[in-house]
**Student:** 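I have a structure I would like to understand better, so I am pasting it below and will then ask my questions one at a time.
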2 protein chains.
Amino acid sequence: MDRRQQKTREAIFEAFSKLLSSKSYTKITVQEIIDEANIGRSTFYSHFETKDDLLREMCTDLFDHIFSDRLDTEGTHDFSIADGNPNSMITHILYHLRDNKKNIIGILTCESGELFLRFFKQYLNELIIQHLLKDVERKNTDVPDDFLVHHISGSFVEMVQWWLKNNMKQSPEELAEYFSSVIIPII
Amino acid sequence: MDRRQQKTREAIFEAFSKLLSSKSYTKITVQEIIDEANIGRSTFYSHFETKDDLLREMCTDLFDHIFSDRLDTEGTHDFSIADGNPNSMITHILYHLRDNKKNIIGILTCESGELFLRFFKQYLNELIIQHLLKDVERKNTDVPDDFLVHHISGSFVEMVQWWLKNNMKQSPEELAEYFSSVIIPII
DNA sequence: AATGTTATTGAACAAATTGTTCACTATCAT
DNA sequence: ATGATAGTGAACAATTTGTTCAATAACATT
């Protein structure tokens, strides 16, 4: 990728992220992003089709990063997606979210949250199906698998939202304990 | 309230709801609502400040209706918010959502879902605090009350979304069973 | 260092949208 | 019948959106 493209893309992401900390997604105009990023109008539209497209790309970048196994060891913590231990996986995700540079709270607390959460749940569902419900004989046969998967991923994103909005008072390890406490008994 | 005001308000609600079934909230313009409702431009703005305001009012109307006790008996079902039985409360809410005239799926599957769900969770939190966790000696002391309340309300709205997006295949009673099955064990 | 390729610029453009104003008309309650 | 209230529709300036295009800058490669 051309160095100019990289710089422009990064400038747009940063401008967008900065704007998200002061106003909600729908209120932000493309013009403001352009001004903040200090780029030409046509440059923005050569990178992204629309504002929605920009958000989509940013989410893809973020979750690809969090949920990719290769990047586990370079992080600031020892928890990994790949080791199959539920608590470790949860803690891994929470650390990434906490230390992330993008303005997640900005994305969440406005209309764009819809898109963000859709991404989040999608990645989580795959993770749950692959690691949590595979090779585990379930005791709770009252509910269908599909319901349970959505319950777990749904509960998780709800927990993350609650956590972020309360300024992440709890540690990722503490939160992982809470989560296990309301999920493990019902699997 | 003036009969003219009622008619205008109703026409706007209906137009908005109809538009929500064909396109997402952010794509809908005030102009389209005006055209669909067949009213004057200035009339719209004398009723609602903005499009967001309209959505807010619609949500308030809806949830006030669902969560008000007085209206329990007039419904198409025998379940009530007031009787304190969790399953009965859940079923009551689900029936209302299912039979509702407003386009809930339209609201949910677009950016306005943020606002809608905020309302929904707020009403649910109050209900949970008042009816579910009051006078119940909790066994699960590993998690704080605040976390548990959010977990329950969060899980509930996630379940409703899953249900609506799957065309409400399950009956409200069946869903209430599912929900109890993943919540009761962890209280 | 020269060259062809590619990214960015900035200005200009039409079309659509937003929220407000105002004089006029229709409908209401009594 | 009448005063009060609600709706009309047209016009308004200000923003925003997405596109186009020729000129310029930065790039990779030889």
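On a predicted model such as this, the values are computed, not experimentally measured, just so you know. Chain naming here is simple, since letters A, B, ... match the order of the sequence lines and numbering starts at 1 in each.
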**Student:** Hey, mind stepping through B/Phe179 and A/Phe147 against ring pair (Phe, Tyr, Trp, His ring centres under 6.0 Å) and telling me if it holds?
**Tutor:** CA-CA 10 Å; B/Phe179 193 66; A/Phe147 174 86; 7.9 Å; no
**Student:** To the nearest 0.5 Å, what is the distance between CG (A/Leu19) and NZ (A/Lys27)?
**Tutor:** 14.5 Å
**Student:** Answer yes or no: does atom CD of A/Gln31 have more than 12 heavy-atom neighbours from other residues, nucleotides or ligands under 6.0 Å?
**Tutor:** yes
**Student:** Measure up the A/Phe116 and A/Phe120 rings against each other and bin them: parallel (under 30°), tilted (30 to 60°), perpendicular (over 60°).
**Tutor:** perpendicular
**Student:** List in numerical order all residues of residues 13-26 of chain B for which some heavy atom is under 4.0 Å away from an atom belonging to DNA chain C.
**Tutor:** none
**Student:** Nearest 0.5 Å, what's the CG-OH distance between B/Leu55 and B/Tyr25?
**Tutor:** 5.0 Å
**Student:** Check whether any side-chain heavy atom of A/Lys121 sits under 4.5 Å from a side-chain heavy atom of A/His150, and report yes or no.
**Tutor:** no
**Student:** Nearest nucleotide by nearest heavy atom, which residue falls closer to the 5' end of DNA chain D, B/Arg41 or B/Gln6?
**Tutor:** B/Gln6
**Student:** Between atom CD1 in A/Ile12 and atom C1' in C/dA7, what is the gap in whole Å?
**Tutor:** 12 Å
**Student:** Expected output is a numbered-order residue list: members of residues 27-36 of chain A with a heavy atom under 4.0 Å from any atom of DNA chain D. What is it?
**Tutor:** A/Thr29, A/Val30, A/Gln31
**Student:** Report the residue from B/Ile152, B/Ile90, B/Ile93 that forms a side-chain contact (heavy atoms from CB on, under 4.5 Å) with B/Leu127.
**Tutor:** B/Ile93
**Student:** For residues 43-56 of chain A, which residues have at least one heavy atom under 4.0 Å from DNA chain D?
**Tutor:** A/Tyr45, A/Thr50
**Student:** Indicate for each nucleotide in nucleotides 24-30 of chain D, in 5' to 3' sequence, whether protein heavy atoms under 4.0 Å reach the base (B), only the sugar-phosphate (S), or nothing (-).
**Tutor:** -BBSS--
**Student:** Step through the shown structure and confirm whether more than 12 heavy atoms of other residues, nucleotides or ligands are within 6.0 Å of CD on A/Glu173.
**Tutor:** yes
**Student:** Might you confirm whether atom NZ of A/Lys7 has over 12 heavy atoms from other residues, nucleotides or ligands at distances under 6.0 Å?
**Tutor:** no
**Student:** Taking the inter-plane angle between the rings of B/Tyr178 and B/Trp162 on a 0 to 90° scale, is it parallel (under 30°), tilted (30 to 60°) or perpendicular (over 60°)?
**Tutor:** tilted
**Student:** Over 60° means perpendicular and under 30° means parallel, so classify the ring planes of B/Phe44 and B/Phe48, tilted if in between.
**Tutor:** tilted
**Student:** Under 6.0 Å from the CD atom of B/Glu36, do we count more than 12 heavy atoms belonging to anything else shown?
**Tutor:** yes
**Student:** Please round to 10 degrees the angle between the axis of the first five pairs and the axis of the last five pairs in the helix from C/dA1-D/dT30 to C/dT30-D/dA1.
**Tutor:** 50°
**Student:** Under 3.5 Å, is there any donor-acceptor pair linking the side chain of B/Ser42 to the base of D/dG9?
**Tutor:** yes
**Student:** Who passes salt bridge (charged side-chain N to carboxylate O under 4.0 Å, His left out) against A/Arg4, sequence neighbours left out?
**Tutor:** A/Asp2
**Student:** Working to the nearest 0.5 angstrom, can you tell me the gap between A/Ile39 CD1 and A/Arg9 CZ?
**Tutor:** 12.0 Å
**Student:** Are the side chains of A/Val143 and A/His151 in contact, using a 4.5 Å heavy-atom criterion?
**Tutor:** no
